[in-house]
Amino acid sequence: MTSPPDIPAARQDAAAPPTPSVRAAWGPLALSYATAQLVEVFLHEGSHALFARALGFHPAIGQFVELHVPSPERAQEALVAAGGPIGSLVTGLVCWALYRRRGPSYARLLLMWLAMTGITAFLGYLVVMPLLAVGDTGVVARLYNVPVAVQFLVTAAGMGLLYLVTRPLSRMYLDSLPASVPLDTPRDRKASVTRLWIPYLIGLALLVPAGLGGDPEVVFYGILGCWGPGMALVGFMTLNAGRPYEREKRTDAGWRLPLWAFAGYAAVVAFYLLVLRPGLNI
């Protein structure tokens with residue numbers, strides 16, 4: 001019996017398959033973020049519409065907006081305004097509950113982003129209460145003449161809750177990374193979260209096609225409303241990623257971007273353009 005010939009180290013390295021990096025995840029992260037964010041926005045506006053319909057209005061859902069004839073009843077308008085953030089919170093919590101710590105998959109990324117965008121959208125509206133009068137919480141504050149000092153207390157509470165929530169959310173993101181991505185040290189983990197900025201910004205650009213043909217001001221504020229909470233999310237996640245973290249042992253090869261991911265994104269954008277642009281009556 002002969003022993004196999006020795007292979008030089010250089011040839012072994014050349015023959016070994018390339019190790020996936022976080023950069024390889026930019027496509028899946030960007031596309032899954034854009035798809036999930038558009039779905040979350042529709043569910044947010046749909047929650048406004050459901051609250052309005054329950055109160056006897058005949059609302060319509062458009063691109064990044066819900067429309068109904070304003071009610072003279074203060075309580076009714078406040079309930080409709082609060083319906084959106086409540087819907088976002090429910091969406092985030094349900095998707096968080098469905099999320100499981102398994103190997104990387106595109107469906108899992110969608111659940112991750114739906115959980116993150118839903119929860120941060122709710123907390124983001126608390127943060128901007130005194131800063132955005134046309135925002136949902138700003139409308140409630142205006143209707144009930146909430147003192148500015150109290151509004152800023154709500155802002156501080158929202159920021160604190162956002163910081164606390166991003167601790168488990170940062171773990172959720174780290175759990176989704178392929179086994180080949182180094183996460184042993186706080187520096188490694190922070191670097192992995194910091195690299196989220198690139199796919200996040202690409203994902204924001206992918207939101208624009210869904211707003212084509214809509215009211216430019218509404219679309220601008222709609223995308224701005226996605227940008228703000230996302231900036232805070234990634235920033236706080238970077239801080240929390242340095243905390244102690246124990247990784248499950250996995251042998252997955254890396255990220256995959258299935259064909260249905262492109263079809264899903266295209267279908268959501270088509271829904272915005274063909275159904276929401278003319279207005280979806282509820």
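Everything numeric in this text was worked out from a predicted model, so none of it was measured.
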Quick one: does [X]'s side chain get under 4.5 Å of [Y]'s, heavy atoms only?
X: Thr35; Y: Tyr106; answer: yes
X: Arg108; Y: Ser176; answer: yes
X: Val139; Y: Val134; answer: no
X: Asp215; Y: Val219; answer: no
X: Leu29; Y: Leu109; answer: yes
X: Pro216; Y: Tyr221; answer: no
X: Ser192; Y: Leu183; answer: yes
X: Leu123; Y: Pro229; answer: no

Are [Y] and [X] connected in a single hydrophobic cluster, I mean Ile/Leu/Val/Met/Phe/Trp/Tyr linked by side-chain heavy atoms less than 4.5 Å apart?
X: Leu89; Y: Val140; answer: no
X: Phe236; Y: Leu196; answer: yes
X: Val41; Y: Val208; answer: yes
X: Leu126; Y: Val146; answer: no
X: Met129; Y: Phe152; answer: no

For [X] versus [Y], what's the shortest heavy-atom pair and its separation?
X: Gly214; Y: Gln63; result: CA-OE1, 3.2 Å
X: Ser32; Y: Leu110; result: O-CD2, 3.6 Å
X: Cys95; Y: Ala115; result: CB-N, 3.8 Å
X: Met172; Y: Met112; result: SD-CG, 3.5 Å
X: Ala36; Y: Thr117; result: O-OG1, 4.5 Å
X: Ile119; Y: Val165; result: CG2-CG1, 3.7 Å

Say you draw a straight line from [atom1] of [X] to [atom2] of [Y]; how long is it, rounded to the nearest 0.5 Å?
X: Met231; Y: Leu204; atom1: CE; atom2: CG; result: 9.0 Å
X: Leu43; Y: Leu114; atom1: CG; atom2: CG; result: 7.5 Å
X: Tyr99; Y: Leu111; atom1: OH; atom2: CG; result: 9.0 Å
X: Leu239; Y: Lys190; atom1: CG; atom2: NZ; result: 6.5 Å
X: Thr166; Y: Met237; atom1: OG1; atom2: CE; result: 8.0 Å
X: Tyr173; Y: Leu233; atom1: OH; atom2: CG; result: 11.0 Å

Would you tabulate the side-chain donor-acceptor contacts of residues 272-282 under 3.5 Å, counting partners in other chains and residues two or more places apart, or write 'none'?
unit_1, atom_1, unit_2, atom_2, d
Tyr272, OH, Leu38, O, 2.6
Tyr272, OH, Phe42, N, 3.4
Arg277, NE, Leu273, O, 3.4
Arg277, NH1, Leu212, O, 3.4

### Message
Show, in sequence, the C-alpha distance, side-chain angles and deciding distance for Thr137 and Gln151, and conclude whether the side chain to side chain contact (heavy atoms under 4.5 Å, CB included) test is met.
### Response
CA-CA 9 Å; Thr137 50; Gln151 295 184 45; over 6 Å; no

### Message
I'd like to check the side-chain hydrogen bond (donor to acceptor under 3.5 Å, both in side chains) partners of Glu40; sequence neighbours left out, ordered by chain and number.
### Response
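Once residues adjacent in sequence are excluded, the partners of Glu40 under the side-chain hydrogen bond (donor to acceptor under 3.5 Å, both in side chains) criterion are Gln37, Ser88.
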
#### Entry: Step-by-step side chain to side chain donor-acceptor pair (under 3.5 Å) determination, Tyr245 to Asp175
CA-CA 10 Å; Tyr245 172 75; Asp175 287 344; 2.7 Å; yes

Could you pull out every donor-acceptor pair under 3.5 Å between side chains of residues 64-86 and any protein atom, sequence neighbours left out?
unit_1, atom_1, unit_2, atom_2, d
Glu66, OE1, His68, ND1, 3.3
Glu66, OE2, His68, ND1, 2.9
His68, NE2, Glu77, OE2, 2.9
Ser71, OG, Glu73, N, 3.0
Ser71, OG, Gln76, OE1, 2.7
Arg74, NH1, Leu143, O, 3.4
Glu77, OE2, Ser71, N, 3.0

#### Entry: Candidates Trp26, Tyr200, Trp227, Trp197 - the one meeting ring pair (Phe, Tyr, Trp, His ring centres under 6.0 Å) with Tyr33
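One option only clears the test, and that one is Tyr200.
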
### Task
Please confirm whether the backbone N or O of Tyr163 pairs with a side-chain atom of Asn240, one donor and one acceptor, at under 3.5 Å?
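At least one qualifying donor-acceptor pair exists.
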
